[in-house]
A.B. asks: 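Handing you this structure, nothing more for now.
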Amino acid sequence: IPDAEEIGVKPLKGDGDFRSKECIELLKEADIVVTNPPFSLFREYVAQLIEYDKKFIIIGNVNALSYKEIFPLIQNNQLWIGASIHSGDRKFWVPDNYELNAAGCGVDDNGKKFIRVKGVRWFTNLDYKERHEDLILYKSYSSGDYPKYENFDAINVNKTEEIPCDYEGNMGVPITFIDKYNPDQFEIIGLGIAN
C-alpha cells in the first residue's frame with residue numbers, strides 16, 4: 001500500500017483551519033477544491049475560493065443562497081447549484097462522543113452516529129450539461145392565479161413548476177427555483193430579502 005506522500009497527500013502540521021497560512025498555501029496549489037466547509041463559515045470560505053480564483057464543488061445549506069455575500073455570485077453567474085442533492089436531506093457522520101439529542105439523529109447499522117441535515121446542496125462554479133436544460137413550462141398566465149406585488153412590478157409564483165410559459169415580465173419565485181435555474185432560459189434580477 002502506498003503511503004500518503006506517494007499518492008500526493010500531505011499531512012497537515014497545523015489544525016486544518018482554511019484561513020491558516022498552511023492551508024492557504026495548499027489552496028494555491030489546488031486546481032479544484034471539493035469539500036464540506038463549516039456551514040457557519042460558508043460566506044468566508046466562498047470568499048476565499050473566489051479571491052484565489054479556484055474551481056470548486058462544496059457542500060452548503062440552501063439558505064446560503066440568500067446571503068448578501070453569496071447571492072450576487074449566483075446572480076452574476078459565478079456560483080450555482082451543482083448536480084444532485086435536490087432533495088436536500090443528507091446524513092453526516094459525527095464523532096462517537098457527539099451527543100445525539102436532536103431530531104434527525106441516529107446510529108446506523110454499523111454503529112456510526114449521524115445527524116440528518118435538511119436543505120443541503122452542492123455549490124459549484126464548474127459547469128455541467130444539466131444546468132443548461134430548459135425547464136419545461138406548461139401553465140398559462142392568468143392575473144387571478146398570479147397576483148402582482150404591491151412594492152415591485154412582478155407577479156408572484158408560489159412553486160417553480162407553476163412558472164407560466166406565456167408571461168414575459170418579472171416574476172417572484174421561491175428560492176428553491178435555483179435548483180432548476182438555467183442561465184440560458186432565465187435572468188435573475190434580484191433577491192427580495194438578503195441576510
Side-chain angles (χ1 to χ4, degrees), residues 2-5 7-131 174-181 191 194-195:
D3 66 19
E5 290 294 330
I7 57 173
V9 176
K10 296 179 186 177
L12 292 173
K13 295 179 178 112
D15 63 5
D17 187 317
F18 69 88
R19 299 165 290 195
S20 70
K21 185 175 189 223
E22 177 185 25
C23 288
I24 289 172
E25 290 305 313
L26 289 171
L27 176 65
K28 288 177 182 177
E29 294 177 27
D31 295 318
I32 299 173
V33 176
V34 181
T35 192
N36 175 13
F39 286 10
S40 63
L41 298 173
F42 190 81
R43 303 169 211 234
E44 190 175 347
Y45 190 68
V46 170
Q48 184 186 68
L49 293 172
I50 298 297
E51 176 185 349
Y52 286 94
D53 195 27
K54 292 300 170 181
K55 295 294 183 187
F56 58 88
I57 305 169
I58 60 175
I59 294 175
N61 190 282
V62 71
N63 293 327
L65 293 167
S66 65
Y67 295 168
K68 64 184 175 186
E69 301 86 354
I70 301 299
F71 187 78
L73 300 173
I74 298 280
Q75 187 175 12
N76 295 323
N77 217 19
Q78 295 172 276
L79 171 71
W80 46 86
I81 296 293
S84 82
I85 313 186
H86 294 301
S87 70
D89 189 2
R90 289 292 177 260
K91 286 182 185 176
F92 291 87
W93 279 266
V94 293
D96 290 337
N97 63 350
Y98 190 89
E99 271 191 58
L100 298 177
N101 56 8
C105 297
V107 179
D108 69 13
D109 293 339
N110 297 319
K112 291 189 74 161
K113 290 182 174 183
F114 68 87
I115 58 170
R116 188 174 293 280
V117 180
K118 295 190 178 293
V120 175
R121 299 292 192 277
W122 286 109
F123 289 78
T124 187
N125 60 358
L126 293 167
D127 212 359
Y128 59 99
K129 183 181 76 144
E130 292 83 7
R131 182 172 172 256
I175 196 72
T176 53
F177 161 78
I178 299 296
D179 284 329
K180 303 287 186 185
Y181 173 60
L191 179 68
N195 295 324

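Residues: numbered from 1 along the sequence shown.
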A.B. asks: Is the shortest side-chain heavy-atom distance between L191 and S66 below 4.5 Å?
C.D. replies: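 With C-beta onward as the side chain, the pair touches.
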
A.B. asks: In the structure I gave you, are the side-chain heavy atoms of I81 and Y181 within less than 4.5 Å of one another anywhere?
C.D. replies: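 The answer is no; the side chains never approach within 4.5 Å.
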
A.B. asks: Would you compute the distance between atom NZ of K113 and atom CD of E99 and round it to the nearest 0.5 angstrom?
C.D. replies: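 Here the rounded value is 8.0 Å.
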
A.B. asks: Please name the pair of heavy atoms, one in C105 and one in L100, separated by the smallest distance, quoted to 0.1 Å.
C.D. replies: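 In this case the closest contact between C105 and L100 is CB-CD2, 3.7 Å.
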
A.B. asks: Give the intermediate values and the outcome of side chain to side chain contact (heavy atoms under 4.5 Å, CB included) for residues V34 and I58.
C.D. replies: CA-CA 5 Å; V34 181; I58 60 175; over 6 Å; no

A.B. asks: Might you work through the side chain to side chain contact (heavy atoms under 4.5 Å, CB included) test for L41 and R19, ending with a clear yes or no?
C.D. replies: CA-CA 11 Å; L41 298 173; R19 299 165 290 195; 3.9 Å; yes

A.B. asks: List in chain and number order the residues that pass ring-ring contact (aromatic ring centres under 6.0 Å, His included) with F114, two or more places apart in sequence or in another chain; answer none if no residue qualifies.
C.D. replies: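 ring-ring contact (aromatic ring centres under 6.0 Å, His included) check on F114 returns nothing, list empty.
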
A.B. asks: Are the charged groups of R121 and D179 less than 4.0 angstrom apart, N to O?
C.D. replies: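 Answer for the salt bridge query: yes.
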
A.B. asks: Please find the pair of heavy atoms, one from T124 and one from G82, that lie closest to each other, and give the distance.
C.D. replies: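 Closest pair (atom of T124, atom of G82, distance): CG2-CA, 3.8 Å.
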
A.B. asks: If only atom types and distance count, is the side chain of N36 paired as donor or acceptor with the main-chain N or O of G60 below 3.5 Å?
C.D. replies: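 Absent.
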
A.B. asks: Quick one: side chain to side chain contact (heavy atoms under 4.5 Å, CB included) partners of E130, sequence neighbours excluded?
C.D. replies: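 Partners of E130 under the side chain to side chain contact (heavy atoms under 4.5 Å, CB included) test: Y128, E133.
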
A.B. asks: Which atom names give the shortest non-hydrogen contact between I70 and A64, and what distance separates them?
C.D. replies: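 Nearest pair, atom of I70 first, then A64: CB-O, 3.2 Å.
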
A.B. asks: Could you grab the distance from atom CG of L26 to atom CG of L12, nearest 0.5 Å is fine?
C.D. replies: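 So the gap between those two atoms works out to 6.5 Å.
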
A.B. asks: Checking L79 against I50 for the side chain to side chain contact (heavy atoms under 4.5 Å, CB included) test, could you report, in this order, the C-alpha distance in whole Å, the side-chain angles of both residues, the deciding distance, and whether it holds?
C.D. replies: CA-CA 9 Å; L79 171 71; I50 298 297; 5.8 Å; no

A.B. asks: According to the salt bridge (Lys or Arg N to Asp or Glu O under 4.0 Å) rule, which pairs have a member within residues 22-36, sequence neighbours left out?
C.D. replies: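 Counting only pairs at least two positions apart or across chains, the salt bridge (Lys or Arg N to Asp or Glu O under 4.0 Å) contacts touching residues 22-36 are K10-E29, E25-K28.
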
A.B. asks: With heavy-atom distances below 4.5 Å as the criterion, would you say the side chains of W122 and I59 are in contact?
C.D. replies: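 The answer is yes, as the side chains (C-beta and beyond) meet within the 4.5 Å cut-off.
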
A.B. asks: Might you confirm whether atom CG of D108 has over 12 heavy atoms from other residues, nucleotides or ligands at distances under 6.0 Å?
C.D. replies: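 Check passes, neighbour count above 12.
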
A.B. asks: Using side-chain heavy atoms (C-beta onward) and a distance below 4.5 Å, is Q48 in contact with L27?
C.D. replies: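 When only atoms from C-beta onward are counted, L27 and Q48 do touch, with a gap below 4.5 Å.
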
A.B. asks: Kindly say whether V107 contributes a backbone atom to a donor-acceptor pair with the side chain of K112 at under 3.5 angstrom?
C.D. replies: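 No; judged by distance alone, with no hydrogens or angles, the pair does not exist.
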
A.B. asks: Would you call T35 and F18 a side-chain contact if the rule is heavy atoms closer than 4.5 Å?
C.D. replies: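 Counting from C-beta outward, T35 and F18 never come under 4.5 Å.
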
A.B. asks: Quick one: pull up CD1 in I175 and CG in N63 and give me the separation to the nearest 0.5 Å.
C.D. replies: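 Between I175 CD1 and N63 CG, I get 8.5 Å after rounding to 0.5 Å.
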
A.B. asks: What's the spacing between I178 CD1 and W80 CH2 if we round to 0.5 Å?
C.D. replies: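 Taking CD1 in I178 and CH2 in W80, the distance rounds to 12.5 Å.
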
A.B. asks: Looking only at heavy atoms, what is the nearest atom pair of V33 and K54, with distance?
C.D. replies: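 V33 and K54 have their closest heavy atoms at CG2-CB, 4.5 Å.
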
A.B. asks: Taking the six-membered ring where the residue is Trp, are the ring centres of F123 and F56 under 6.0 Å apart?
C.D. replies: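 No.
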
A.B. asks: Does D96 have more than 12 heavy atoms from other residues, nucleotides or ligands lying within 6.0 Å of its CG?
C.D. replies: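 It does not: D96 CG has 12 such atoms or fewer within range.
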
A.B. asks: Atom CD1 of I74 and atom CG of L65: how far apart are they, to the nearest 0.5 Å?
C.D. replies: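 It comes to 5.0 Å.
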
A.B. asks: Look up atom OH in Y98 and atom CZ in F92, then write down how far apart they are to the nearest 0.5 Å.
C.D. replies: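 Answer for the OH-CZ pair, Y98 versus F92, is 11.5 Å.
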
